[in-house]
Amino acid sequence: MEYVSRVPRPPLDGLIDDLYYLEGASPYARLTLPPMPAALLIVDLGAPFRIRAGTDIETAEYADGCVVTTPTRAFEFGYPPQTRSVGVHFKPWGLAPLLPMPAAELCDRPVTVEQVWGRPAIAELRDRLATADGPHEMLTLLEEALMRRLRETAGLGLVRHTSSVIAATSGAVAIGDLSVAAGVSSTHLAQRFKELIGVTPKRLARTYRFAATVLAIDPAGPIDWGDLAGGAGYFDQAHFGHEFRAFTGLTPTRYVEVRRRFLREHPGHVLDSWPLPAD
């Protein structure tokens, strides 16, 4: 697969980790994506892809792309044989200035880009992207489209600052201390988080801790689960295992087995850092 990525210019760089272009054959027809402290927007330029947002939810097809706010559980992503798209990896709060609805309405409920921006806007953008001269021009067009859609968002400064504190500690921070430091009630802070991110500060902290822990795992080497759990601030290995299953549906040892399968079957693949084979 070809993967091209870049950080956008200000002020988007305060909302977005990177813009990316992806084209080629997926390593697997279906991938499971564990929750990350991030939101996602994909503009699809090829055949439709499919998303299953939970075991109790039917798989849905997305022809123009999708918008995913910060998730609380893993979701399954089904690629066509050949995929082509541009997308945005947002910071947890980054989608808020681009959404016409509270983020909580989309929590664990991926929607099409049309449902967020309207059919004329996404149709025009997809047409322009399809005729662009290569990935870098496509990312410039996407960046310009995002800039045009930015709007003032009440509470964004509060949520951004508090989320940054959570991120800096990898989720190891007392949530009560955050509201005190911000000079607002815990109820007000939770409401703002749900409006702009879709989850509460406590849930976001759990996601940051889980992500930091998983990214610290080297699947190619031996793993001391006790040291890993203790270093991440989990009460014990039972707590760690419970969180792992809640986020991935897998035990820690099974997760590593699946990661090792990916590395063995597709060494050095551009998608090998987070998704898991679902087949």
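We count residues from 1, following the sequence as given.
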- Run through L41, L12, L40, T69 and flag the one making a side chain to side chain contact (heavy atoms under 4.5 Å, CB included) with F90. L41
- Query: Angle class for the F77/F75 ring planes (parallel below 30°, perpendicular above 60°, tilted otherwise)?
  - Reply: tilted
- For side-chain contact (heavy atoms from CB on, under 4.5 Å), just list the numbers for L15 and L150, CA-CA rounded to whole Å, side-chain angles, deciding distance to a tenth of an Å, and then say yes or no. CA-CA 10 Å; L15 303 171; L150 283 181; 3.6 Å; yes
- What's the shortest heavy-atom distance between Y20 and V88, and which atoms? CE2-N, 3.7 Å
- Task: May I ask you to decide whether R260 forms a salt bridge with E257, counting only side-chain N to carboxylate O separations under 4.0 Å?
- Result: no
- Linking I/L/V/M/F/W/Y whenever any side-chain heavy atoms sit under 4.5 Å apart, do Y208 and L215 land together? no
- Under 3.5 Å donor-acceptor, T200 side chain and R203 backbone: yes
- Message: Are there over 12 heavy-atom neighbours, none belonging to K91, within less than 6.0 Å of that residue's NZ?
- Response: yes
- Task: Look only at the side chain of R151 and the backbone of A96, and say whether a donor-acceptor pair between them is shorter than 3.5 Å.
- Result: yes
- Verify, without hydrogens or angle tests, whether R30 (side chain) and Y79 (backbone) share a donor-acceptor contact under 3.5 angstrom. no
- Give the minimum heavy-atom separation between G14 and W93, together with the two atoms involved. O-NE1, 3.0 Å
- Message: Quick check against the 3.5 Å criterion: does R160 have a side-chain atom that pairs as donor or acceptor with the backbone of G94?
- Response: no
- Hey, does the side chain of H266 reach the backbone of P27 with a donor-acceptor pair shorter than 3.5 angstrom? yes
- Give the minimum heavy-atom separation between D64 and V113, together with the two atoms involved. OD1-N, 3.3 Å
- Item | Working for side-chain contact (heavy atoms from CB on, under 4.5 Å), residues H269 and F262 | CA-CA 9 Å; H269 197 280; F262 199 129; 3.9 Å; yes
- Item | Exam field: side chain H239 to backbone F235, donor-acceptor pair closer than 3.5 Å | yes
- Message: Whether the Q115 and T112 side chains hold a donor-acceptor pair (N or O, under 3.5 Å, no angle test) is what I'd like checked.
- Response: yes
- Message: Quick one, E195 with R192, criterion salt bridge (Lys or Arg N to Asp or Glu O under 4.0 Å). Give me CA distance, side-chain angles, the key distance, then yes/no.
- Response: CA-CA 5 Å; E195 289 170 4; R192 283 300 194 194; 3.0 Å; yes
- Query: Where the side chain of R206 meets the backbone of K202, is there a donor-acceptor pair that is under 3.5 Å apart?
  - Reply: no
- Side-chain donor-acceptor contact under 3.5 Å, E23 with Y3: no
- Compute whether any side-chain donor of one residue and acceptor of the other, for T32 and R52, lie under 3.5 angstrom apart. no
- Going by atom types only, do T251 and T253 share a side-chain donor-acceptor pair under 3.5 Å? yes
- Message: Has R259 got a side-chain atom pairing as donor or acceptor with P275's backbone, closer than 3.5 angstrom?
- Response: yes
- Measure from the side-chain N and O atoms of E143 to the backbone N and O of R9, and report whether any donor-acceptor pair falls under 3.5 Å. yes
- Could you give me the CA-CA distance, side-chain angles and deciding distance for D18 and S5, then say whether side-chain hydrogen bond (donor to acceptor under 3.5 Å, both in side chains) is met? CA-CA 6 Å; D18 74 308; S5 169; 2.6 Å; yes
- Does NZ or CZ of R50 lie under 6.0 Å from the centre of the six-membered ring of Y62, at an angle within 45° of the ring axis? no
- Item | Which atom of E2 lies closest to which atom of P135, heavy atoms considered | OE2-CG, 3.9 Å
- Using distance alone, with no hydrogens and no angle criterion, decide if D108 and T72 have a side-chain donor and acceptor under 3.5 Å apart. yes
- Can you check salt bridge (Lys or Arg N to Asp or Glu O under 4.0 Å) on R261 and E265, steps first, answer last? CA-CA 6 Å; R261 173 192 167 192; E265 295 177 348; 3.2 Å; yes
- Within the distance-only criterion (no hydrogens, no angle test), does the side chain of W225 pair as donor or acceptor with the backbone N or O of Q237 below 3.5 angstrom? no
- Please step through side-chain contact (heavy atoms from CB on, under 4.5 Å) for the pair V7 and D17, ending with a clear verdict. CA-CA 6 Å; V7 176; D17 287 324; over 6 Å; no
- Message: Using the rule given for side-chain contact (heavy atoms from CB on, under 4.5 Å), can you reason through V214 versus Y255, listing the C-alpha separation, both sets of side-chain angles and the distance that settles it, and then say yes or no?
- Response: CA-CA 10 Å; V214 169; Y255 170 86; 2.9 Å; yes
- Closest heavy-atom contact between I197 and A103? C-CB, 3.5 Å
